[in-house]
Amino acid sequence: MRPYLPFPFLLCLVVGVQLLTQWTDTAYYLTQLTMAAYYALLVIGLCLLMGYAGQISLGHAGFFGIGGYISAALTTHNLAGVDNSLIRLLERLGLLAASTDMFGDPLLTVHPWAAAAIAILTAVLVAWLIGGPVLKLTGHYLAMATLGFGIIIYRIALATPFFGEADGISEVPPLPLLPGLAISGDFSARVTNYYIAWGLLALGLLLLVNLIHSRIGLALRAIHGSEEAAASVGVDTAKAKLKTFVLSAAYAAAAGIFLTHYNGGIGPSEAGIMKSVRYVAIVAVGGMASLWGALLMAVLLNFLSLRGLFGTYDDAVFGLILIAIMLFAPDGVLRLGIAARLRAWRQAHASR
Amino acid sequence: MYWERDKECMSREDLEQLQLERLQATCNRVAVNVPFYRKKFAELRFDPERLQSLDDLRALPFTTKQDLRDHYPYGLFAVPLREIVRLHASSGTTGQATVEGYTRNDIKTWSNLVARILTAAGVRADDVIQIAFGYGLFTGGFGLHYGAERLGASVIPISSGNTKRQIQIMQDFRTTALVCTPSYALYLADSMAEMGVNPNALSLRVGLFGGEPWSEAMRQELERKLPIKATDNYGLSEIMGPGVAGECTFCSGLHVNEDHFLVEIIDPETLEPVPDGEIGELVVTTLTKEGFPVLRYRTRDLTRIIPEPCPCGRTLRRISRITGRTDDMLIIKGVNVYPSQIEAVLFDIEGTEPHYQIIVEREGRLDKATILVEVVDAIFFDSMKKQRQMVEHIKARLASELGIGVDVKLVEGKTLARSEGKAQRIIDRRNL
Amino acid sequence: MLKVRNIEAGYGKLRVLRRVSLHVAEGEIVTLIGANGAGKTTLLNTIAGLLPPRGGEIRLNGADITTATPQKIVRAGCSLVPEGRQVFAPLSVEENLILGAHVRRQQEGKRALTEIEHVYDLFPVLRERRTQLAGTLSGGEQQMLAIGRALMARPRLIMLDEPSTGLAPLVVKTIFGIISRLRDEGNTVLLVEQNARAALHIADRGYVIETGRIILQGPAEDLLANRDVQRAYLGHGPANE
């Protein structure tokens with residue numbers, strides 16, 4: 001029961017903040033809070049990978065990019081006028097959506113659900129393929145390999161016309177969830193979208209909290225403690241690490257999909273190294289092995305960043321944060337001394 | 001029933017695993033500690049690492065009696081002398097004798113294995129066991145003694161000789177188990193008859209007889225004359241002494257202590273192993289000896305493996321009784337005698353290649369050897385007295401060299417048969 | 001129970017184990033002694049599936065586990081207490097023990113955790129410290145935790161890699177007493193040790209390994225009496241007699 005305690009608090013906080021903005025007529029904050037929530041979805045996935053499975057990834061923005069770009073491209077690319085058996089098959093399966101573009105011409109695109117599914121599956125597949133060999137590496141080598149991966153995705157996004165090159169993709173349609181409910185950047189649906197975002201985040205969080213407290217989660221923490229000892233008790237460390245990697249990639253891709261539909265578009269910077277560094281910094285600040293810490297820091301820092309607090313030094317700030325954390329508080333700001341010292345003191349007393 | 005049931009009745013699979021481990025360890029050890037084997041391995045380009053299964057034993061070099069002689073006295077020991085707590089030797093002067101060394105653990109193992117064969121033959125801790133084997137440098141006496149003591153039997157270390165006393169002790173001490181050569185046992189039986197002692201009044205129950213080849217007919221005669229179960233046992237000092245193999249109460253073959261000795265039967269000409277059941281030369285590899293391990297020692301004894309399982313339940317395979325030798329070696333009065341020893345002594349005295357013949361007969365129960373020597377100038381004297389002295393001299397030298405007394409008769413030159421190639425040196429008139 | 005034949009193993013170009021054969025029968029303690037670098041840890045890691053052998057075969061109760069994964073081997077009933085204990089430092093004592101039952105939990109669920117009481121009975125000090133972080137335990141306590149963790153898998157064969165390392169003599173005595181007790185309770189133990197004397201005193205049989213080769217084997221008391229062993233591994237010399 002204990003791990004689920006914070007959820008009601010979260011609920012109250014989320015509702016409370018929304019009401020506050022309504023009351024203070026600062027509803028525009030909700031936009032940034034919604035985006036921050038989606039970024040947090042990636043961060044908690046990364047936190048699982050880094051804090052619990054003990055693997056670093058400097059390329060997670062790449063998965064975000066895969067998710068966002070594929071769903072964006074598929075839902076904007078006009079298939080009307082293209083006539084071949086594949087298109088007709090897709091049409092028959094109901095995977096295509098017909099509408100009109102801004103100029104009134106017929107628009108045939110992949111249905112957002114199908115696009116999202118393809119995007120997630122692609123991210124999962126890529127994670128599965130590169131995860132195998134890459135996770136055999138450790139330390140610097142793993143970091144460099146993931147960095148390399150991130151750069152590849154970024155460059156593909158930047159160079160491929162299908163992905164809009166430097167301009168990215170815009171005019172991305174909303175992602176319908178339930179009848180009447182969709183993820184979109186429509187100002188009128190700002191409050192709805194706020195709750196959708198936080199709802200999805202809570203769901204994702206619930207899943208991870210469950211995982212961590214399961215047998216698998218314990219095994220992950222064991223791997224983080226000592227991989228060799230974990231193997232000696234019979235944990236399939238390679239499979240566990242791969243599965244965690246794939247799961248965190250899925251989270252990142254989902255975040256990419258949701259955010260793209262919310263923003264109505266995506267640009268290459270979303271898949272860039274700077275973003276990857278930012279995510280790693282946030283996980284570090286929040287405390288590597290603390291989902292809630294990561295969540296808190298993700299929302300806080302992304303919100304501030306999106307509000308423009310850091311100005312043009314945005315990326316630099318996160319780089320600085322990363323350095324500072326590594327130097328002074330490697331276990332995260334929230335774990336800085338107090339709680340740990342209290343615990344140690346209590347235990348030392350218990351063992352007397 | 002069994003001295004070490006878990007070892008004597010272990011599955012063949014477990015036994016083979018144990019044998020492989022011990023063979024590998026022994027090879028690894030001798031490759032480092034015994035220069036002779038190190039050199040042999042290098043010559044054959046053999047690496048102990050090539051030993052993957054017991055079949056690879058074939059790749060190992062043989063060890064012969066001559067190899068042992070060449071390294072007299074301590075050349076083949078695998079441990080420093082200070083770790084050797086016992087030394088045994090065969091008879092003979094330099095160039096003919098071989099020495100065996102035992103560490104404390106070797107003695108322990110030896111006693112244990114002898115205890116095993118004693119138990120297999122039916123001896124128990126409450127038996128009174130009379131050891132009529134010669135104590136001394138020979139391994140027979142001490143080997144059986146330590147084994148019997150280990151078993152817990154009451155040991156009478158009477159050694160050989162003094163037949164009257166032997167029988168007296170047998171009566172007074174109420175001996176239940178007799179250990180000696182089979183021919184001596186028959187001799188004792190005959191002496192008892194002469195002395196008027198009723199064998200059935202004795203407490204004798206079981207006998208372990210070895211040291212020389214003997215036949216089923218002899219066994220039956222022994223069991224008729226004495227109220228005992230007569231069992232055969234086999235050993236040789238180059239390998240350890242008694243305790244290498246012994247009959248169980250079913251008396252249909254001698255169980256080899258295969259967890260300590262690897263046995264092979266080879267064709268003495270081609271040196272290839274023969275199929276199980278066929279007669280060939282017995283080759284033994286020690287698996288657990290520390291002081292003096294030997295690899296593939298050619299015993300020159302002819303026997304065969306009995307592959308069928310024995311009703312006693314032991315999984316250790318049996319060999320048949322020894323049916324002969326592949327070389328000239330004779331066993332006279334329980335002592336190994338090589339014609340080359342006789343030749344060496346005669347050569348030394350005569351100064352030229354001697355022409356001689358060895359005639360071995362059984363007089364009554366005991367072996368009698370007569371050496372016919374062709375006369376040459378060096379040993380010919382006109383004076384009868386001097387001639388007799390020379391004969392005595394030759395006799396004394398031979399006795400000292402062989403360890404047993406032999407009769408010497410001079411014969412005229414060129415009367416002994418010569419043939420192309422090997423002369424007919426040995427005439428064994430005993431019907432064994 | 002365990003039959004090892006002709007194992008060849010190594011790291012990269014380095015050949016560590018050369019045609020190593022040994023066996024452990026049910027209910028006995030077999031010890032493998034040798035100098036540092038002789039290959040003792042390599043052999044245990046090979047048996048446990050952490051290092052693939054380059055040749056030879058390993059059988060556990062007749063089943064071929066030569067190329068099996070560590071999970072399969074734990075499931076087959078062989079648990080390793082690794083060198084240096086390797087407890088999960090950031091986890092609690094209890095979580096460490098629960099992890100020991102990781103493989104069993106997959107099949108038996110909650111039932112697998114009942115074993116923990118038995119482990120606490122064996123090591124009362126662990127019960128006291130059940131919520132404490134494993135990294136804060138003393139060396140001896142960590143060793144007990146590592147053994148307890150291995151026991152959670154209810155193994156038939158327990159392999160211990162140098163349990164005496166870095167422990168004070170008195171603690172070593174306690175640990176070895178526990179290992180003896182394990183045998184008395186019907187477990188089978190393969191013990192790798194540098195402290196040859198302590199190991200040979202509780203073992204039934206032993207093997208001596210030198211530069212990757214077995215050079216001597218036999219009953220433990222014979223090895224104790226063997227002068228080479230005494231000189232090389234027991235610290236006996238002419239001066240000590």
Side-chain angles (χ1 to χ4, degrees), chain A residues 2-3 47-48 50-55 132 136 138 211-243 287-291 293 330-332 335 339-352, chain C residues 44-45 48-51 68-76 78-106 109-110 112-113 125 128-138 141 145-146 149-150 152-153 155 159 161:
Chain A
R2 268 188 51 212
C47 179
L48 179 76
M50 284 175 61
Y52 291 92
Q55 310 297 306
K136 286 198 173 71
T138 52
L211 181 66
I212 286 171
H213 290 96
S214 73
R215 184 186 82 107
I216 313 286
L218 191 61
L220 281 179
R221 291 163 60 207
I223 293 175
H224 194 191
S226 162
E227 205 171 314
E228 207 177 283
S232 71
V233 295
V235 173
D236 191 339
T237 54
K239 229 180 4 180
K241 289 196 290 187
L242 183 61
K243 283 189 179 162
M288 294 274 194
S290 169
L291 283 181
D331 287 326
R335 286 261 184 102
R341 273 176 239 207
L342 195 68
R343 227 162 162 202
W345 180 85
R346 264 212 327 252
Q347 267 154 13
H349 270 257
S351 60
R352 287 285 180 273
Chain C
L44 285 195
N45 281 346
L50 298 171
L51 178 70
T69 59
Q71 301 84 266
K72 277 224 203 90
I73 290 171
V74 170
R75 209 168 287 158
C78 171
S79 276
L80 172 68
V81 181
E83 189 181 13
R85 305 175 252 296
Q86 295 198 34
V87 296
F88 301 117
L91 303 181
S92 74
V93 165
E94 183 136 321
E95 285 174 324
N96 266 269
L97 291 175
I98 292 175
L99 269 163
H102 176 85
V103 166
R104 282 179 60 217
R105 279 172 82 190
Q106 200 172 33
K110 279 259 147 68
L113 298 178
V125 74
E128 278 173 49
R129 304 208 191 297
R130 67 200 299 173
T131 56
Q132 210 173 312
L133 290 188
T136 59
L137 295 177
S138 74
E141 290 163 352
L145 178 59
R149 184 180 65 190
M152 285 296 291
M159 307 196 292
D161 198 343

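Quick note on labels: first sequence line is chain A, next is B, and so on, each numbered from 1. Keep in mind the model is a prediction, meaning the values are calculated, not measured. The basis for the numbers below is simple: all heavy atoms, side chains too, and nothing from hydrogens, waters or symmetry mates.
Highest contact tally toward chain A, considering only V103(C), L99(C), L80(C), is held by L99(C) [criterion: heavy-atom pairs under 4.5 Å]. Chain C forms the most heavy-atom pairs under 4.5 Å with one residue out of G225(A), S232(A), A231(A), A222(A), and that residue is A222(A).
Counting only heavy atoms from C-beta outward, the side chains of T69(C) and K239(A) never approach each other to under 4.5 Å.
A pairwise comparison of heavy atoms in H102(C) and G234(A) identifies CD2-O, 4.0 Å as the closest pair.
The contact between L50(C) and chain A is made entirely by side chain atoms (from C-beta outward), counting heavy-atom distances below 4.5 Å. Only the side chain of R149(C) comes within less than 4.5 Å of a heavy atom of chain A; its backbone N, CA, C and O stay farther away.
Atom CG of N45(C) sits about 6.0 Å away from atom CD of E228(A), to the nearest 0.5 Å. For the atom pair S226(A) OG and N96(C) CG, the distance stands at 10.0 Å (nearest 0.5 Å). If you take CG on D236(A) and CD on Q106(C), they are separated by 9.5 Å, rounding to the nearest 0.5 Å.
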